[in-house]
Amino acid sequence: MDRLLKDLNEAQKEAVLSVEGPVMAIAGAGSGKTRVLTRRIAHLIDNVGVPKDNILAITFTNKAADEMKTRIASLLSMSTYRMWISTFHSMCARILREHIEHLGYTKNFQIIDDDDVTQMIKIVMKSLNLDVKTIKPNKLKPHILNLKSAPETIESYGEPLATYLHKVFPLYQKKLKENNLVDFEDLLVLTIRLLEEQPQVRKHYQQQFQYLLVDEFQDTNNLQYDLIRLLSDEKGNVFIVGDEDQSIYAFRGANIDNIRKFNNDYKNVKTVLLEKNYRSTNTILKAANQVISENKNRIEKTLHSTRGDGEKIRYFKGYSARDEVEYIADTIEKLHREGYAYEDMAILYRANSTSRMFEEGFMHKRLPYKVIGNTSFFKRKEIKDIVAYLRLVVNEHDDYSFRRIVNEPRRGIGATTVEKLANYCDNEGFSHYEAIEKTTLPVSGAPAKKLKAFKNMIETLQKRLGQVDFNVFLDDLLDLTGYKKALENDERGDVRYENIQELKTMLKETENTYATTDKETLLTYVLEDIALKSQEDEKIDSDAVSLMTLHAAKGLEFPVVFIAALEQGMFPLYRSLESSKDLEEERRLMYVGLTRAQQRLFLTNAKRRQLYGESVANPDSMFLKAIDPTLMKLEGLNREHADNEVRYTRDYNRTKRIRARRESLNSYTEKDLNKGDKIVHKAFGEGVVVSVARDQCVIAFSKEHGLKTLMKNHPAIVKKEE
DNA sequence: CACCGGTTTATTTTT
DNA sequence: TAAACCGGTG
């Protein structure tokens, strides 16, 4: 028996061996889909004799792509260098690097991240004199990105959004192109356009990619689907793996319907069902099956465990969130004493904000933890600054980067100067960098000199780039720009400097990975890596409990899993309660959470918890109720109180109540405050007005608060009736 | 441009 | 509650 096949089950084997034509593998959680994917690729290369360049494997994360490469490399003892195993976005970037000139961009285009998109929208809105307050750039962003992938028209967004989008969207796109920048959506959109408009390019790639594999197919969006279609037209040797029950990114445009579409668009699709689960105990799987079976819109599928029944699920209900933390912390310590490592345990929750209570509690107890999915390394200010410098060195016409660092660190080029420059460029069509030398530029005196000095500095850096290696270059950059000096006066300068050093290591590594010696090309590659790898690499195997959102847990597994805050409103979230579509996605999220657990599963919640400053008591999550009680051992408050009725009424009233209260508070303060009046303050309690001056007043509170100067009509102040 | 104080707002986000 | 954000002021 072939060594690539011998430890696979029948379904897995079939998935690996069905090489020709379209194949759809429905892979339940923990059914060994990565194994199937890697074996299939290895089989194609080793047994079928397919050259490795003719295979295209697409994943959703860099991590998954890296893992796949590593596994294939070790299966076949060969190098996977430059193999087409990558994310959609990396693949597009790679294709566009070659051919983007057909579309009017230049080869050294740069990729901007989400924060940059927001900034860009802000800039565009300002230049259109649009009010940034009625509709915030951040609100507009998802719609703008959506417009690129969804078939909807701007009108369908309704007013006032439509008016804004009509103005902002075209200019946003124009600005990006002028600056030779692309956002994440553009990577897909432009690649599609390229393949559609350039038949010879399309042919080239269709011929090259004889075999396609797509991981996490349920998470593909419309553009990604189109891309697969375009690339696979010729033969239709497309292998997709997915699980509709694990589709949790619909809010980002993922379209489960792509699975059905695939069945229609490709002829004679072979379907393989992977239902054998190698991860969790039967008890855990039963619970997961019970939860997910409440979703109407799905194909029936039941996972079977190979791991026995295992322990009962524990369901702990505390009085308060503090109880919940306490219970989890104690349980973790207990399990640790029993032999589980901290890193074997994970706490999952719906919203990031929940991590806080655990962080506080664990810090206090000296329990080691790591929060996964924190603000990424590449989003830190100092890193983005240096990246902006590097981008400007690669492409001096990148006005966006120019603006970011022209006065960072301070070099006396203030907002007024930059505004003048930007206006001038808008009218004349120059890039900011070019405009500095123009005699008609309406900037003179000191600012003009400083701009010229800045330009000279960038020129010097451009020359240096070709002469020295990256280590030296980055040091030079830090010196020349004055960035290093500025860090010395920054109280967090040390950390920032450390981060920059880390970036330096990355640059150095890439220098060794790519087979080019041209520094500029190399730098472009590095910048691309940085842009596409926005997620910080996992913390080096520290033995600590993982805290993360359920979304972040996808694709991972842990011997011990806690799912916290299982209350109606927290999970599922309030906002999803009214829409069955949203609720089904929440339920899939719960399914993903449950199926992360290998051996022990703990479900917890609290009777009352603090939410936005007030104490709320929400009923148990409906997901808990979906699980057969005989699978669970109840702990904590559970047994005394039968507080099991699911009701949402208080949540409908919540907003109304708050609004009503605010209005009543406001109406109170319409009345004038005078010296000597007694008042009650929301936070400081009772007090007496000492003096009044215009709209402010001084109030004496009890001694722990003392005298306070406050706005007279502040809603927190209520006048006490005599 | 740094600070203060008041206002607003509180999902998830692989790329 | 708390953190981000905005606008006014020294």
Side-chain angles (χ1 to χ4, degrees), chain A residues 58-66 86-93 111-115 117 122 131-133 136-139 141-142 145 149 182-188 215-216 218-221 223-224 246-254 348-354 356-357 372-373 375-376 378 407 410 412 414-416 528-536 548-556 565 569-577 582 585-586 588-590 592-593 609-616 654-655 658 662 682-683 695-696 708-716:
Chain A
I58 301 171
T59 61
F60 270 78
T61 64
N62 292 300
K63 210 172 131 194
D66 288 345
S86 67
T87 62
F88 272 106
H89 297 268
S90 306
M91 172 192 78
C92 291
I111 302 155
I112 60 169
D113 69 17
D114 264 23
D115 292 340
V117 172
K122 210 168 171 180
D131 182 20
V132 197
K133 264 205 299 193
K136 301 220 167 86
N138 243 331
K139 273 259 160 15
K141 177 172 66 179
L145 294 179
S149 61
V182 303
D183 60 29
F184 285 133
E185 294 300 293
D186 284 344
L187 285 171
L188 304 170
D215 192 12
E216 306 276 18
Q218 76 282 352
D219 286 330
T220 50
N221 66 22
L223 295 175
Q224 290 160 342
Q246 292 187 70
S247 161
I248 54 174
Y249 284 104
F251 70 93
R252 283 185 97 246
L348 313 182
Y349 37 77
R350 177 63 236 258
N352 278 313
S353 54
T354 312
R356 223 179 122 143
M357 65 186 201
I372 311 289
T375 32
S376 132
F378 299 108
N407 201 31
R410 303 275 148 69
T416 331
E528 182 177 306
D529 274 358
I530 291 173
L532 293 173
K533 260 190 209 160
S534 54
Q535 204 66 15
E536 190 172 0
M548 67 185 101
T549 63
L550 287 138
H551 282 92
K554 186 161 172 212
L556 306 178
M570 298 292 290
F571 185 32
L573 284 170
Y574 293 107
R575 299 177 63 162
S576 62
L577 293 176
D582 290 351
E585 179 142 322
E586 295 280 300
R588 291 192 291 269
L589 196 53
M590 179 67 174
V592 167
R609 81 171 61 235
Q610 291 295 119
L611 195 60
Y612 309 145
E614 68 176 323
S615 170
V616 294
R654 202 184 106 86
T655 23
I658 290 171
R662 185 174 299 151
K682 203 177 153 206
D695 55 344
Q696 294 192 329
K708 300 269 180 205
T709 308
L710 299 164
M711 294 302 286
K712 202 168 66 179
N713 58 354
H714 193 281

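As a basis for the values below, the full set of heavy atoms in this structure was taken, side chains included, without hydrogen atoms, waters or symmetry mates. Within every chain, numbering begins at 1; the chains are lettered A, B, ... in the order of the sequence lines, protein sequences first and strands thereafter.
Checked against side chain to side chain donor-acceptor pair (under 3.5 Å), Asp114(A) has no partners two or more places apart in sequence or in another chain. The salt bridge (Lys or Arg N to Asp or Glu O under 4.0 Å) test applied to Glu586(A) returns Arg350(A), not counting sequence neighbours. Every residue two or more places apart in sequence or in another chain that forms a salt bridge (Lys or Arg N to Asp or Glu O under 4.0 Å) with Arg356(A) is listed here: Glu360(A). With sequence neighbours excluded, no residue forms a salt bridge (Lys or Arg N to Asp or Glu O under 4.0 Å) with Lys122(A). By the salt bridge (Lys or Arg N to Asp or Glu O under 4.0 Å) test, Glu185(A) is found to be paired with no residue, residues two or more places apart in sequence or in another chain being considered.
On a pure distance criterion of 3.5 Å, a polar donor-acceptor pair joins the side chain of Arg252(A) and the base of dT13(B).
Spacing of C1' atoms, dT12(B) relative to dC5(C), comes out at 23 Å, to the nearest Å.
Within the 4.0 Å cut-off from OP1 or OP2 of dA10(B), not a single side-chain nitrogen or oxygen of Ser353(A) is found. Taking 4.0 angstrom as the limit, Arg410(A) places a side-chain polar atom (N or O) nearer than this to OP1 or OP2 of dC1(B). For dT13(B), one of the phosphate oxygens OP1 or OP2 lies less than 4.0 angstrom from a side-chain nitrogen or oxygen of Asn352(A). When the side-chain nitrogen and oxygen atoms of Tyr574(A) are compared with OP1 and OP2 of dT12(B), none of them lie within a distance under 4.0 Å.
Stacking of Phe251(A) onto the six-membered ring of dT12(B) is present: less than 5.5 angstrom between centres, less than 30° between planes.
Summary of the strand contacts: Glu185(A) and Lys139(A) both lie near DNA chain B, and taking for each the nucleotide with the nearest heavy atom, the more 5' one is attributed to Lys139(A). Map Glu586(A) and Asn407(A) each onto its nearest nucleotide of DNA chain B; the residue landing nearer the 5' end is Asn407(A).
Using a 4.0 Å heavy-atom cutoff across all strands shown, Asp219(A) reaches at least one base atom of the nucleic acid. Using a 4.0 Å heavy-atom criterion, one finds that Tyr249(A) contacts the bases of the nucleic acid, with or without backbone contacts as well.
In this entry the base of dT11(B) is syn relative to its sugar, with a glycosidic angle within 90° of 0.
Val592(A) and Leu550(A) get closest at one heavy-atom pair: CG1-O, 4.3 Å.
Of the possible polar contacts, none joining the Asp183(A) side chain to the Ile111(A) backbone as a donor-acceptor pair under 3.5 Å is found.
Rounded to an integer number of Å, the gap from Ile248(A) CD1 to dT11(B) P is 17 Å.
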Give me, pair by pair, the N or O atoms of the protein and of nucleotides 2-8 of chain C that are less than 3.5 Å apart, along with how far apart they are.
unit_1 : atom_1 : unit_2    : atom_2 : d
dA3(C) : OP1    : Arg356(A) : NH1    : 2.2
dA3(C) : OP1    : Arg356(A) : NH2    : 3.3

